[in-house]
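Below is one structure, written out as structure tokens, with a few remarks after it.
All residue numbers in this chain count up from 1 along the given sequence. Quick caveat: nothing in here was measured; it's all calculated off a predicted structure. We use all heavy atoms of the structure for the numbers below, so side chains are in, but hydrogens, waters and symmetry mates are not.
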Amino acid sequence: MTVSVLLSYSGSVASVFCGRLKFGPTVMKTISAKAADIETKWFLIDAEDIVLGRMASICAKILRGKHKPSFTPHVDCGDGVIVINAEKVAMTGKKVTDKIYYHHTGYPGGVKSVTPEKLIADGKADRIVMKAVERMLPKTKLGRQQLTKLRVYAGAEHGHEAQKPEVLDVASMNEKNKRSA
């Protein structure tokens with residue numbers, strides 16, 4: 001048996017449900033971040049044996065700022081990401097040999113294609129990670145601005161010690177993020 005009593009409390013309606021006092025509708029304030037109020041941090045991700053798509057989605061989330069409670073879709077409130085060891089990134093299945101990246105030179109018949117295997121052999125493994133993250137960001141001016149905060153290096157060395165990046169261990173976030181050879 002539930003007892004419900006309505007009381008008048010200084011102009012607002014209060015109701016008593018089983019001994020709990022509950023006041024009228026809760027008012028929540030919507031926060032819209034301003035560009036001047038945003039503090040950016042840098043994260044360092046080691047891509048060695050990490051699945052490409054899973055790492056790229058985490059990078060895209062950080063670049064957009066969706067990991068922050070003050071996320072605002074129309075403002076660049078994301079953080080910077082530094083990815084090292086891009087040449088050692090893992091791809092599931094036969095994607096290393098079967099996946100094809102296309103681009104057009106701008107001339108008639110100028111469609112070019114390349115596989116990830118060829119990019120890694122040519123020392124351009126950073127382009128694989130860049131393209132994966134780029135395709136997960138919005139295709140707008142804001143998305144291109146957010147992509148400028150992504151730095152990808154094929155080797156283990158990077159020149160961003162001044163930014164004091166926090167190490168982000170992607171492998172420990174989920175057991176599916178890491179693949180061993």
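Note that the OG1 atom of T115 and the CD1 atom of I120 stand 8.5 Å from one another [nearest 0.5 Å]. Between the SG atom of C77 and the NZ atom of K66 there is a distance of 10.5 Å, given to the nearest 0.5 Å. The structure places CD1 of I62 at 10.5 Å from CG of L150, a figure rounded to the nearest 0.5 Å. Going from atom CZ of R144 over to atom CG of L147 covers 10.0 Å, rounded to the nearest 0.5 Å.
Here the closest non-hydrogen pair linking P116 and V96 is CD-O, 3.6 Å. Between I84 and G155, the shortest heavy-atom distance links the atoms CB-O, 3.5 Å. Minimum interatomic distance between V83 and A47 (heavy atoms only, all atoms of both residues): CG1-CB, 3.9 Å. Contact detail for I50 and V89: the closest heavy-atom pair is O-CG2, 3.2 Å.
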Could you tabulate the donor-acceptor pairs under 3.5 Å formed by side-chain atoms of residues 123-139, not counting sequence neighbours?
{"from": "K139", "atom 1": "NZ", "to": "R135", "atom 2": "O", "distance (Å)": "2.8"}
{"from": "K139", "atom 1": "NZ", "to": "L137", "atom 2": "O", "distance (Å)": "3.3"}

Distance-only donor-acceptor pairs under 3.5 Å for side chains of residues 156-168, two or more places apart:
{"from": "H158", "atom 1": "ND1", "to": "H160", "atom 2": "N", "distance (Å)": "3.1"}
{"from": "H160", "atom 1": "NE2", "to": "Y153", "atom 2": "OH", "distance (Å)": "2.6"}
{"from": "E166", "atom 1": "OE2", "to": "K41", "atom 2": "NZ", "distance (Å)": "3.3"}

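By the 6.0 Å contact criterion, NZ on K178 is enclosed, its count of non-hydrogen atoms from other residues, nucleotides or ligands being greater than 12.
Counting only residues at least two apart or in different chains, side-chain hydrogen bond (donor to acceptor under 3.5 Å, both in side chains) contacts with residues 92-106 comprise T92-K95.
In terms of modelled atom types and a separation under 3.5 Å, the side chain of T72 and the main chain of S70 share a donor-acceptor contact. At distances below 3.5 Å, at least one donor-acceptor pair connects side-chain atoms of N177 with backbone N or O atoms of V170.
For D169, the side-chain hydrogen bond (donor to acceptor under 3.5 Å, both in side chains) partners two or more places apart in sequence, or in a different chain, are S172. Scored by the salt bridge (charged side-chain N to carboxylate O under 4.0 Å, His left out) test, K149 finds D76 as partners (sequence neighbours excluded). Contacts of K68 classified as side-chain hydrogen bond (donor to acceptor under 3.5 Å, both in side chains), with partners at least two apart in sequence or in another chain: D79.
At least one side-chain heavy atom of I45 sits less than 4.5 Å from a side-chain heavy atom of M55. In this structure the side chain of D46 never reaches within 4.5 angstrom of the side chain of L44, judged on heavy atoms. For the pair N174/R54, a side-chain contact is recorded, criterion being any heavy-atom separation below 4.5 Å from C-beta on. A heavy-atom distance below 4.5 Å is not found between the side chains of I58 and H67.
No path of Ile, Leu, Val, Met, Phe, Trp and Tyr side chains, each step under 4.5 Å between heavy atoms, connects I38 with W42, placing them in separate hydrophobic clusters. M91 and V114 fall within the same hydrophobic cluster, where Ile, Leu, Val, Met, Phe, Trp and Tyr residues are linked whenever their side-chain heavy atoms come under 4.5 Å apart, directly or through other members.
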